[in-house]
Each structure stands twice: as C-alpha cells, then as structure tokens.
> 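Please find one structure pasted underneath; my questions will follow.
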Amino acid sequence: MGLITKSRIKSPWIVHYSCGGCNGCDIEILACLTPLYDVERFGILNMGNPKHADILTVTGPVNHRNYRVLKNLYEQMPDPKVVLAIGACACTGGVFHNCYNVLGGIDKVIPVDVYIPGCAPRPETIIDGVIMALKKLNEKGSKAE
Amino acid sequence: MNGSDILMALAALALAPLIGGILRGLDRILTARMQGRIGPPLWQPFYDFIKLCAKSKKASHRGPVVWAWAYLVLTVTAWLLFVLRQDLLILLFILAFAGASLALGAFSVRSPYAHFGAYRELLQMLAYEPILLLAAVAIFLKTGSFMVGDVLGFEQPLLISLPLTLVAVLIALGIKMRKSPFDIAASEHAHQELVRGVYTEYSGPTLALIELTHWYELVLVLGIISLFWVIPLWVGIIIALSCYFLEILIDNITARLRWSWMLTVGWSLGVGLILLNIVIVEFFGLGLRL
Amino acid sequence: MPRITFPFGPQHPVLPEAIQLQLTCEDEKVVEVTPVIGYMHRGIEKAAEGNPFVNNVFLCERVCGICSFMHALTYCQLIEGLMNINVPPRAKYLRVFWSELSRIHSHMLWIGLLADALGFESLFMQCWRAREVILDVLEMTTGQRVIQSSCVIGGVRRNIDGELAKTVFNLLDEFKKQWDAISPVVQKDYTIRARTEGKGILPKEQAWELGIVGPTLRASGWAHDCRLLGYAAYGELGFQPVVEEGCDSYARTLVRVREVDQSLELAYKALNNLPEGEIAVKVKGFPEGEAAVCVEQPRGELFEYARGNGTPHLERLKIRTPTFANIPALLVMLPGSELADVPVITLSIDPCIACTER
Amino acid sequence: MTAETLVGVLVLLPFIVGGLSFLIRSEGLRKPFVIAFSLVMIIASLWLFLEVYNYGTLVSNPSPVWEYLIFAVDCLLIGYFLYVGITNKHYLIILLAAFQSVSFPLISLPFHKQVKPVLYIDLLSVIMCLVISLIGSLIVVFALDYMRNHEVHHRVNPSRQHIFFFFLISFLGAMNGLVFANSLFWLFLFWEITTLCCYHLIRHDLTEEALGASLRALWMNLAGAVALIIGIGLSLHNFDTVVIQELISSGVVGPALLLTLALFCFTGFTKAAQVPWQGWLLGAMVAPTPVSALLHSSTMVKAGVYLVLRLAPGFVETQLSAAIAIFGAFVFMVTSVLAIGQSNAKRVLAYSTIANLGLIICCAGINTGLAIAAAMVLIVFHAISKGLLFLVVGTIEQQVGSRDIEDMEGLITKLPVLSGIALVGMISMLFLPFGVVFGKWAGIQAASEPVTTWFFLIVAMLVMGSASTLVYYAKWMGRLISCAPDSSGSSEVKAPLAYGTLMALAVLAVGLSFLVVPLVVNVIDPAAVAVGYEEGFKVVGTALATPWGAFPVWPLFVAVVLALVIPALVVRLKPAEVSAVYMCGVNVDERHLVFRSAVDGHVQVETGGTYWTQWFDELSLNKWINAAGIVLLAVLFVGVVL
C-alpha cells in the first residue's frame with residue numbers, strides 16, 4: 001500500500017450538510033464524534049468547510065431550494081471526493097417521499113457513492129458507511145493519478 | 001557560517017517538521033484523552049499532510065498561494081535563524097512578517113470569512129508581538145546579548161530569574177498555537193463562526209503547506225521556551241514540553257473568548273508581567289546583571 | 001462606516017441545520033440580520049392530509065428528530081381529543097417518562113452544541129457522553145435511539161416493568177452521577193459566563209410581546225410552561241416551571257441546566273408512581289371535528305390543530321413549532337451584538353429548523 | 001567649485017529658482033527648467049556629501065553683511081505673520097507673532113559678538129541635506145505632473161501653480177539652510193521660512209478646510225518658534241552665545257543649559273507634530289500630496305527631530321534625555337495605536353509619520369552611539385519610504401478619486417503598477433530586512449540597554465507601537481491585494497514623470513536597504529562619531545552587528561526573495577483550478593461575489609474594512625492621549641529644573 005493511499009484512507013475529513021431531514025441523522029453524525037464512538041480514531045474530522053473535506057455527508061431529502069446549495073458544496077470540494085447519503089430520506093426521500101416540496105434522494109442532484117439506510121441510522125452504521133466510502137475515495141484518487 | 005553550521009541547518013530543516021508533526025499528533029491524542037476519547041494514531045498529522053498534498057488544487061486566484069509560500073519560507077527562515085544562533089529580535093521580526101503573510105494571504109481573497117479571520121489574526125499579533133519582543137529584551141537583560149548563541153552559553157538558568165516572563169510567554173504561546181481561550185482567528189476545529197477564518201479559502205496542497213508551517217512554528221516557539229533553561233538543555237526541553245502540555249490542558253478547560261479580552265490580557269497581563277520581572281531583576285537585584 | 005455583508009449559513013459549521021442569516025456587520029458588530037428560511041421545508045402538513053391518520057404519527061415525529069417523541073405525543077393527544085379516547089393512566093405516566101427523557105437528551109445536546117460553538121470541546125464531549133446514557137435508556141425501553149415511535153394513538157407501545165425498570169433506574173443513577181459533575185461547570189465556568197452573560201438580551205416585556213415560548217421566555221422571567229396545563233400525567237406529578245430573570249444567554253443556559261435536573265426528577269417520579277393497568281386502548285372509528293393541543297416541547301410550546309371529517313384522512317393538520325415563535329427573538333438579540341456572539345445567541349433560542357420549516 | 005560655493009548653491013539656488021518659477025507662467029517652460037534644477041540640486045548635494053565625507057566637517061563664515069539681511073528678513077516674516085493673524089482675526093497667532101515681534105529685536109539687537117562658525121556642516125548635516133535635496137527634488141519633479149492633474153480635477157483657473165512651485169522650491173533652500181546653520185539666529189530664520197512655506201502650501205487650495213488647517217499649522221509652529229526665541233534669550237543670558245556647537249559642548253551640564261535645550265527640543269516637538277501638537281500635521285493632509293510628501297513626512301517635520309538630534313550630545317546621560325526618550329516612545333506608541341482606527345489613507349500616513357518621528361526622538365533621548373545611529377538610519381529610510389507612500393496615495397487619489405482606504409479594495413487588479421509600488425513602500429516600512437525596520441530594530445536594541453531608570457517603560461512602549469504599526473499597515477495592504485474573481489482589468493493612466501519618480505523612490509527604498517551595511521559603516525556611524533558618540537555598529541562577517549545583536553543583511557534578502565518574489569513569479573493557476581470562494585453554499589455563480597438570500601434574491605457580498613472603532617476611536621482617545629502628552633512635556637521641564 002502506497003503512502004498516499006494509506007494517508008488517504010487514514011485521513012478522511014468530512015463536511016456535513018443537512019438538506020431537509022428531521023435532524024435525527026444529523027445528531028447521530030455528531031454523536032459519532034463523541035467519546036462513545038470517537039471516529040477521530042480513524043482520523044475522521046468534521047471540518048465544516050467543503051474546501052477542506054474529502055467526504056460530503058448529506059442527510060435529508062433535497063427540496064426545490066436546497067439542491068443548489070448541495071450542488072455548490074459538492075463542486076467546491078477538491079478531488080478526490082465521495083458523497084455519503086445518510087438515512088432513508090437522503091437515500092430515497094424516505095417518509096417524505098410524497099411531500100410536495102421534496103425532490104427525492106440526494107442522488108437526484110449529485111452522484112452518491114455510499115447509501116446508508118436507517119431512520120435514523122445508528123452511529124455504528126454511519127461509521128461503517130464512512131469506511132466503505134474510503135475504498136471508493138481511494139479508487140477515485142488512484143484513477144486520477 | 002562554517003561546515004558544521006550548514007550541516008546543522010540542514011538537519012534542523014529536516015527534523016523540525018518531523019518533531020512538529022509528532023508533537024501535533026501527541027497533542028491530538030492528549031486532547032482526545034482529556035475529552036474521554038481514544039484519539040487518532042500518533043502519525044495522524046502526517047497522514048493528513050500527505051493526503052492534502054495528493055488532493056487537487058483549488059484556489060480563487062494565485063494570491064493566497066503566493067502568500068502561503070511566503071508564510072512557509074519566512075517561518076523556516078526564522079527557524080534557521082534560531083538554529084544558527086542568531087539575533088532573537090530579528091527572528092521575531094521575521095516571524096511577524098510570516099504571521100502577516102498568513103493574514104495577507106487571507107486578505108488577498110475577497111471572502112468575508114477569510115477577511116474576518118485575517119483581521120483577527122492581526123489582532124492576535126497585536127496581542128502577542130509585544131510579549132515576545134519584551135521577553136527577548138528580558139532575556140537580553142539577563143544574558144547581555146540578543147544572540148541565541150550567547151543565551152545558549154549563559155550558565156545560570158534564566159527561569160530562576162525570569163519566571164514571570166515565562167508565564168507571559170505562555171500567553172503568547174497560547175495565542176500562537178491557536179488554543180482556547182485564544183483561538184480567535186482560526187480554531188483547531190471548524191466549529192466556529194468564521195469557518196476556520198484565515199484558512200477558509202485554502203485547500204489541498206496549499207493547506208498542507210500551512211500545516212507544515214505550523215509544525216515549524218511550533219518547534220520554534222518551543223525552542224524559544226527551552227531557552228529558559230539551557231544548561232543542561234534537556235531541562236529546557238522538558239520545560240518547553242510541559243508548557244506545551246499546559247497549553248493543551250488549558251485548551252480543554254476553557255471556552256474561546258473574545259478578541260477584546262485577548263488584547264486586554266496581552267497588553268496588560270502579558271506586558272505587565274514581563275515589566276514586573278524586569279523591574280525585579282534590575283532594581284531589586286534578584287539575579288545579577290553581567 | 002464600512003459594511004460587511006455575507007451569508008451565515010445554510011451550510012455553516014456552527015449551524016447543524018440549514019438556515020441562513022444574512023448578516024451585515026460594521027467592524028465586528030452586527031447591524032442587520034435577515035433570517036432566510038426554506039432550505040428545509042418539506043411540506044409535512046400537506047402530506048399529512050394524504051396519509052391515513054394513524055400513519056401520521058410516524059410522519060409527525062419526523063418533524064424533528066431531536067424532540068420526536070413530543071411531536072408524536074402531541075399528534076396522539078390531538079387525535080385522542082378529536083375522537084374522545086381515554087388513555088389509560090399507565091400510558092400517561094410512561095408518556096411523561098419518555099417526554100422528560102427526550103427533554104433531557106435535547107437539553108444535553110444543546111449544552112454540548114453551545115460548548116462546541118464556544119470552542120469548549122471537552123465540555124461538548126462530556127455532555128454528549130452523558131447524553132448517551134439517556135439514549136441507552138430510550139433505546140432499551142422503546143427500541144430506537146432518536147426516533148422512538150413508542151407513542152401511538154390510544155396509548156404507548158411498550159411497557160416498562162420488572163428487570164427493565166431496575167436497569168433503567170440504574171442507568172438514570174449513572175446519568176445523574178455524570179450530570180452532577182458537568183452541571184457546575186456549565187453554571188460556573190469563567191469562560192462560559194464571560195461568553196454568555198449579558199449577551200443577547202431579551203427584555204422581559206418584549207419577550208412577552210413577541211410571543212416567545214419555552215426556555216427562552218422563562219429565562220426572561222415568565223413562568224410560562226405548557227406542562228402546567230396538566231396534560232398526560234403532569235397534573236398529578238406536580239411541578240413548578242424553572243424561571244430565571246437574567247434575560248440573557250446565560251439565563252437561558254441556566255434554565256436548561258435546571259430543567260435537566262427537574263426533568264430527571266419528573267422521570268424518576270413518573271417511573272416510581274407507574275399505575276398498574278393497560279398501556280393502550282384500541283382505536284375505533286375516524287376523527288371528526290376540530291381539536292387543538294399544546295405540549296411543552298424542549299424548545300417551548302408546540303401547538304397542533306386538526307380537523308377531521310369522519311374519513312381516515314384528516315382535512316387539515318396544522319403544526320406550529322416553538323422555534324418558529326422564537327425566531328423573532330433573534331431579530332431583537334442579534335443586532336448590536338458582536339460577530340463572535342452570533343453563534344451563542346443563535347443557539348440560545350435552541351433553534352430547530354427542521355421543526356420550523358416542517 | 002569650492003565646498004562653500006556648493007553650500008551657497010544648495011541654499012540660495014532654490015530661492016532663485018522658486019522666484020523664477022513664480023514668474024514663468026508657462027507649464028511647458030517650467031517643466032524642463034525645474035527638472036534641470038532638480039538635477040543640479042541632486043548633483044550639488046552629492047558633491048557636498050563627498051566633500052564632507054572626504055575632508056571632514058566643513059565650517060563656513062559668510063560675510064557679516066548677511067546678518068543684517070537675516071535680521072531684516074526675520075522682522076519681515078514676523079510682521080507678515082502678525083498681518084496674517086490680524087486679517088484672519090486669529091488671536092492666538094496675533095499673540096504669538098506679537099510676542100515674537102517684541103522679543104526678537106529685544107534679544108537680537110543688543111547682540112554684537114562675532115558668531116563663529118555660522119555654518120557648521122558635518123556628516124549629520126549632509127545626510128539631512130542629501131535627504132532634502134534628493135528626495136525633495138524627486139518630489140518636486142513628481143509635482144509637475146501631479147499639479148497639472150490636480151488643477152484639472154479641481155477646475156482651478158487661472159492656474160495657481162506658480163505660487164505652489166514658488167513655495168515648494170524655496171522650501172528646499174530653507175531646509176538646507178536650516179540643517180547647515182550653526183548660529184541660532186540663522187536657524188531661527190530658516191525655521192520661520194519653513195513655517196511660512198508650510199502655511200502657504202497647506203492653504204494652497206483655498207478651501208475652507210485648507211484655510212483652517214493652515215492657520216492651525218501656523219499657530220502651532222509659531223508657538224514652537226516662541227519657545228525657540230525664549231531659548232535663544234536664555235542662551236544669550238546664561239552663556240552669551242548663539243552657537244549651537246558651543247552650547248552643546250560647553251561641558252557644564254546644569255539646569256540652565258538643560259532648560260535652554262529643553263526649550264529647543266520643545267520647538268522641535270512642535271515642528272515634528274508630536275503629541276499634543278499632532279493636530280496641525282493631521283490637518284495639513286488637505287494640502288496637495290507633494291506637500292504632504294515633502295513637508296509633512298520626509299523633510300520639514302524632520303527639521304524638528306534634526307534639532308533634537310543635533311542637541312542630543314548636550315544632554316547625554318541627564319534626566320532630560322530620559323524624559324525625551326519616554327516622550328518619544330509614548331508618541332510612537334499612541335499614534336501607532338490611533339492609526340489603527342483610521343480609514344483615510346493620508347491620515348494613516350500622517351499618524352505613521354508622527355509615530356516614526358517619535359521613535360527618532362526616542363532614540364535621540366536614549367542618546368547612546370547606537371541609538372543616535374539608529375535615529376539617523378530612521379531619518380534616511382523613513383524619508384524615502386514615507387515620501388514614496390504619500391506620492392503613491394496622491395496618484396491613487398487622482399486615478400480613483402478617493403484617498404479612503406476602503407476605496408482601495410482590490411486596487412491591485414485595477415492599478416497593478418501603482419499598487420505594486422504601494423506594496424513595496426509598505427513592505428519597506430513594515431518588514432525586515434528593509435531600512436525602516438532595521439532602524440526600529442536598532443532602536444529597540446538601544447532602548448534595551450538600561451541607560452536610564454525608566455528604560456523598561458521605553459522599550460515596552462516601543463514594542464507595543466511596533467506591533468500596532470504592523471496592524472495598520474498589514475490591514476491596508478490587505479485592502480489593496482483583496483481580489484474578487486470578477487475584478488476588471490487595469491485602467492491605469494501612467495503619467496511618465498510621476499511614475500518615474502515613484503519607481504525611482506521604490507528602487508531607492510529597496511536598493512539602499514540592501515546597501516545598509518556600507519551605508520551604516522561608512523556614513524551613519526562616522527556621522528554619530530563626528531558628533532561625539534562611540535560607534536554604534538560594527539561588521540561581523542556579512543552581518544551588521546550591534547554590541548548585542550546582529551543583522552544578517554543578505555541572508556534576509558535571500559529569504560524575502562525566496563518567500564515572495566519567486567512564488568509571485570512562479571505560482572500560476574490553471575483555469576480548471578480556479579474556484580469560487582466559500583459562501584455557505586449559496587454562491588450564485590463562480591465569478592461573482594453574489595449570494596442567494598431571502599426569496600432567492602441576489603445579494604452582493606460586501607467586504608468592508610474593520611477598524612475596531614470601539615477601541616481605536618480617535619475622538620475618545622484623543623483627550624487622554626493629549627493630556628498624557630502634556631503631562632509628559634511638563635515632566636520634561638520639571639525634570640530639568642530638579
């Protein structure tokens with residue numbers, strides 16, 4: 001395993017955007033940072049700035065107003081980058097699928113690499129998803145080189 | 001400058017980032033432990049650094065990248081001046097130039113967040129510059145020289161006569177290392193109103209450059225602290241590391257405060273302590289001058 | 001005076017949710033604030049009209065993932081009122097128990113977020129660690145951590161008895177131990193006080209005039225709490241609302257800190273005094289007529305209104321959430337504050353945008 | 001040509017040329033004429049410099065006839081000031097001028113001793129002369145283009161340039177005379193002439209603001225002159241001499257001498273606009289920019305510090321010296337702090353000027369060889385850099401239509417050359433290894449030596465002022481370089497003479513900094529030695545060393561080249577790598593600083609500057625600062641008597 005590959009896998013920085021969910025997934029993502037789950041063990045940091053991030057974690061369904069925000073955040077991230085759809089709503093629209101203002105899952109707007117189901121997914125599931133995303137991240141990175 | 005100096009400079013160039021990175025790794029582990037977490041591996045800063053280097057470049061225009069280089073090169077210059085046992089004041093002036101470069105890099109993009117960060121960075125410099133410069137003066141008063149080389153040759157430990165100065169330098173150290181309660185311009189973590197302030201517009205390799213500079217800076221600042229006990233030098237190094245530990249501890253038991261508070265502390269407590277120390281040393285003869 | 005105008009959100013590290021504050025500053029002083037919403041609007045009220053009324057419990061509790069139990073409770077009480085269902089007393093006590101646990105977990109989460117926005121990382125971590133104990137209790141008793149779905153029309157779905165109750169008591173004791181270590185820090189720490197005291201003042205009269213609700217109102221000196229209405233078992237358990245007179249962010253912090261103690265006490269009380277009997281009654285027929293209900297949610301008064309027409313579908317469901325009522329407070333508190341205080345003041349109303357925009 | 005002829009040229013030629021350019025009303029004719037004059041001045045001053053450098057201090061005794069002439073001109077000037085006071089109904093001016101009209105004849109008429117030498121031209125004098133003639137001439141040349149544009153902008157018709165150039169050029173002669181003079185009467189004359197020029201140049205635009213500012217400058221400078229006359233009277237009364245050199249080397253340091261010197265220093269402080277006299281210099285910023293550059297930063301205000309520096313050997317190791325040092329350091333600190341809250345570029349520069357003059361005065365007060373050398377270094381480099389900055393601001397003002405720093409945002413894309421020069425100017429004011437900061441460094445090193453009881457206060461104020469300087473200049477630089485992706489291209493109008501002058505000054509600022517070792521070793525140090533101090537600096541290897549530190553010149557230059565110049569040349573971005581700034585995800589597009597806000601409306605991002613007005617508010621700070629300044633001045637006099 002090359003140094004770059006190893007570093008990439010060991011240092012995933014996250015930017016989180018809450019599209020239009022119910023907060024449940026958002027707090028579960030935050031909970032991942034806290035002592036019980038402590039994702040910093042894997043080098044995961046929540047950066048809050050798309051320009052610094054490798055992984056975009058999105059919760060909630062996209063609606064007519066926030067899809068542009070989501071797209072903009074995605075575009076501002078430097079390559080290689082991956083997108084995680086966290087929770088049922090982000091995957092498909094979930095319980096809000098029939099709401100008039102909801103477009104559906106976030107894959108309607110940006111390419112999604114890993115879907116994490118659940119309402120809300122448990123922190124363990126989310127961590128699992130991030131680890132899966134890392135594989136994709138590395139594939140994308142190596143392809144670019 | 002002779003051959004051994006050149007060798008030493010090269011070694012310092014190579015070693016400083018290594019030590020700085022490990023210290024940062026330690027910092028993150030210690031911080032995590034204080035927060036009841038396990039924390040990342042020791043080598044985490046290096047992983048971050050290499051990963052950032054391998055990311056694609058993105059910038060608003062070339063200005064910030066140029067200033068990031070200036071920040072790095074000037075900080076390295078200051079470090080070399082230290083290693084080559086040069087003048088402390090010159091070193092601090094160059095360090096100020098480096099710090100200003102960071103702010104200017106943020107200024108060069110018209111982003112409100114970066115601008116706020118840059119203004120606050122300047123305020124931070126306003127708060128700690130006098131402390132560091134005065135500390136150099138206090139050291140001069142004891143040792144009779146501004147040259148690091150002469151300070152290294154000074155027999156009596158400076159800490160014995162300049163304890164208050166060290167306390168003041170700790171304030172400056174806290175500001176310089178962006179630790180609570182002084183992480184006003186750019187906090188370690190992004191959960192701040194400025195989205196990491198001066199670093200907002202940096203990404204990928206340029207951010208890596210800045211991280212690298214932080215490592216040099218950290219080693220340099222700790223080096224300056226270790227001047228307080230140079231014979232034997234390992235005591236000084238232990239003192240510097242304890243100061244570093246203390247900063248991490250303070251970081252974890254305080255919230256971030258406002259710039260006005262920082263400026264007040266820097267200009268009253270910081271400067272005041274050193275002046276008091278100078279007065280005690282000079283006029284009450286605690287520790288004779290050369 | 002030069003002005004700095006910029007967007008604060010919708011994506012911003014100190015805002016866990018998407019709301020935009022369009023800020024204009026002079027120096028670092030905020031002079032103009034325009035809250036911009038719509039980033040999280042889904043259209044739940046409309047969707048509720050299309051769902052069978054029984055299913056709406058699950059939709060309603062996803063109005064907000066933090067206080068989901070309260071939303072379910074409110075909707076259930078609404079329909080129960082509409083259909084004249086008598087909920088068994090044991091269910092009422094269990095509802096109080098879960099409500100209060102929700103309140104604790106919400107307040108703990110809030111204190112953590114405040115600490116995080118203040119750069120007090122370790123306090124954030126400790127708060128969230130203690131909160132995990134509460135989540136464990138919730139998961140143990142309902143089966144889920146954040147969206148419990150334990151409240152149904154006519155009662156509750158799960159019972160707490162025997163071994164489970166003992167474990168729950170142990171966990172609550174454990175939480176109390178952790179909380180007793182955290183709460184003095186939140187109340188007394190110099191840096192926290194320096195950052196919150198005198199920041200974001202909401203004068204007493206103005207708070208009432210603006211129709212502010214919940215802890216934000218109570219921190220401005222009004223003893224207003226919907227639990228005084230005595231819904232569920234609150235009438236029998238008895239309690240006094242927590243009131244602070246400080247009117248600033250620190251007072252709002254204190255209200256929430258003291259409410260954690262109070263909620264814990266209520267939870268103990270509810271669990272200790274659980275009446276024997278059924279936990280749910282069967283629901284027959286369809287809702288007809290109009291009803292409205294108020295529930296004290298962690299952020300304040302949650303109001304729901306429904307009109308049924310004798311079919312499985314409601315004709316209208318209206319949800320008015322506390323944050324919606326509290327946003328005007330921001331417009332009073334933010335102008336004139338420092339930029340550094342914007343996160344503190346914004347958080348001090350404990351904004352829940354998911355609620356607000358539904 | 002003898003050295004005395006050169007002196008004559010340097011002092012008298014400007015008056016002649018000034019008179020001629022008053023007569024020449026044609027711009028086309030004036031231009032080559034003035035340029036030729038400038039060349040002559042530069043050559044003459046360099047020549048004189050070489051003469052003094054090679055053959056030592058030059059003393060000269062012009063014919064006694066000059067004394068009568070000087071007396072006559074002095075009386076005329078005082079009469080004129082009285083007239084100005086009366087026509088403007090400015091009672092303070094009337095009072096001060098009346099006092100002078102009585103006291104001046106009273107003390108000068110009974111005095112009949114032969115004054116020897118009348119002119120005393122040592123290295124310090126020629127350094128000043130070089131600064132005046134070289135930078136002054138460049139500024140005069142710059143003014144040729146500038147004033148034409150100025151009159152076009154302000155729609156002045158008929159042209160009043162002849163009046164402007166009369167005073168501007170004559171002023172150079174007065175300044176040269178001032179630095180050469182050894183007789184206090186001569187000094188007084190030239191002092192008054194500079195006051196006159198200053199008054200007329202400030203009121204040149206004849207706006208209400210300009211008239212008010214000119215009167216304020218006049219009364220404050222007259223107050224200084226009153227102190228000068230009293231000082232001369234005391235000197236005559238106690239020592240029976242008007243010769244500066246005799247006065248300061250009399251050997252007897254008693255209260256009488258110190259009081260006299262303190263009065264002269266007080267005069268110097270008024271000219272150098274030290275707190276609480278800073279008001280006139282700030283007001284003087286209404287004058288056309290060449291005036292600000294020439295009179296109010298690089299030369300005339302330097303007359304004040306020159307006087308203090310000249311007298312410094314007379315009060316070595318006295319309490320007066322310490323008081324002066326504290327006063328200077330105090331001024332340096334407070335004016336640097338005040339500058340942080342300013343957004344008017346010329347006001348920032350004015351505060352920075354006052355601060356640097358304070359620093360020089362502080363060095364003079366520290367009064368060791370190192371400190372005096374540092375003061376001289378500061379005089380030279382500050383004159384270059386500050387002259388440059390004023391001229392740049394003036395040019396920017398003509399092209400942008402504002403002198404507000406806020407309006408200079410992103411100027412680097414609009415006026416790349418000009419902004420580049422401005423950046424060079426500011427960097428040379430602010431950072432190592434450039435001359436001004438070298439002087440500051442030497443100053444701090446000198447201040448660290450406990451020569452007085454209060455040295456720790458001095459050094460504390462110096463470092464605090466130094467940190468403040470960093471803040472306001474860096475802020476300003478930040479405004480200049482702040483680029484938006486949609487910035488439009490260059491729209492620079494490059495007037496050849498103005499731009500040529502700017503380039504020359506920028507090259508001088510950087511080049512002379514690079515040559516600081518030979519400059520200090522060969523010129524500054526000997527100049528300090530010549531006035532009676534030990535050598536401040538020595539050369540160790542490639543570094544310039546003080547007894548306690550070393551300044552490695554070329555390694556620092558290499559570092560700066562590596563840090564800034566090479567990245568600026570090498571770093572380029574591919575179009576694919578350019579991205580919009582972070583705007584919380586609501587950017588409207590890649591190129592514009594516009595975000596989506598309420599009801600999807602587009603809002604322009606504004607990035608105004610920050611001035612922390614609640615802390616650095618001029619109005620609220622001024623009363624405290626002025627009070628402290630007055631107290632310190634009082635201490636200065638009280639300390640003398642004790």
> Taking only Lys NZ, Arg NE, NH1 and NH2, and the carboxylate oxygens of Asp or Glu, determine whether C:Arg299 and C:Asp350 approach each other closer than 4.0 Å.
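The answer is yes: the pair qualifies as a salt bridge.
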> Side chain from CB out, backbone as N, CA, C, O: work out which of these in B:Tyr119 comes under 4.5 Å of a heavy atom of chain C, or both, or neither.
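Neither; nothing under 4.5 Å.
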> In terms of heavy-atom proximity below 4.5 Å to chain B, should C:Tyr190 be classed as side chain, backbone, both, or neither?
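Side chain only.
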> In terms of heavy-atom pairs under 4.5 Å with chain C, which of B:Trp261, B:Trp259, B:Tyr113 leads?
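Of B:Trp261, B:Trp259, B:Tyr113, B:Tyr113 has the most heavy-atom pairs under 4.5 Å with chain C.
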> Can C:Arg131 be said to sit on top of C:Trp128's aromatic six-ring, NZ or CZ under 6.0 Å from centre and within 45° of the ring axis?
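The answer is yes; both the distance and angle limits are met.
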> Against chain C, work out which of B:Ser111, B:Pro112, B:Ala255, B:Pro181 has the most heavy-atom pairs shorter than 4.5 Å and name it.
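Most heavy-atom pairs within the cutoff with chain C belong to B:Ala255.
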> Heavy-atom distances under 4.5 Å only: say whether C:Arg129 touches chain B with side chain, backbone, both or neither.
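For C:Arg129, side-chain heavy atoms alone lie under 4.5 Å from chain B.
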> With a 4.5 angstrom heavy-atom cut-off, is it the side chain or the backbone of C:Ile4 that approaches chain B, or both, or neither?
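Side chain of C:Ile4 only, per the 4.5 Å heavy-atom cut-off to chain B.
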> Is B:Glu121 salt-bridged to B:Arg178, cutoff N-O under 4.0 Å?
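A salt bridge links B:Glu121 with B:Arg178.
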> Would you name the heavy atoms of B:Gly21 and B:Pro45 that are closest together and state the gap between them?
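Distance-wise, the nearest heavy atoms are O-CG, 3.4 Å.
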> Would B:Arg24 and B:Trp215 count as a cation-pi pair here, with the cationic atom under 6.0 angstrom from the ring centre and within 45° of the axis?
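No - B:Arg24 does not lie over the ring of B:Trp215 by the 6.0 Å and 45° rule.
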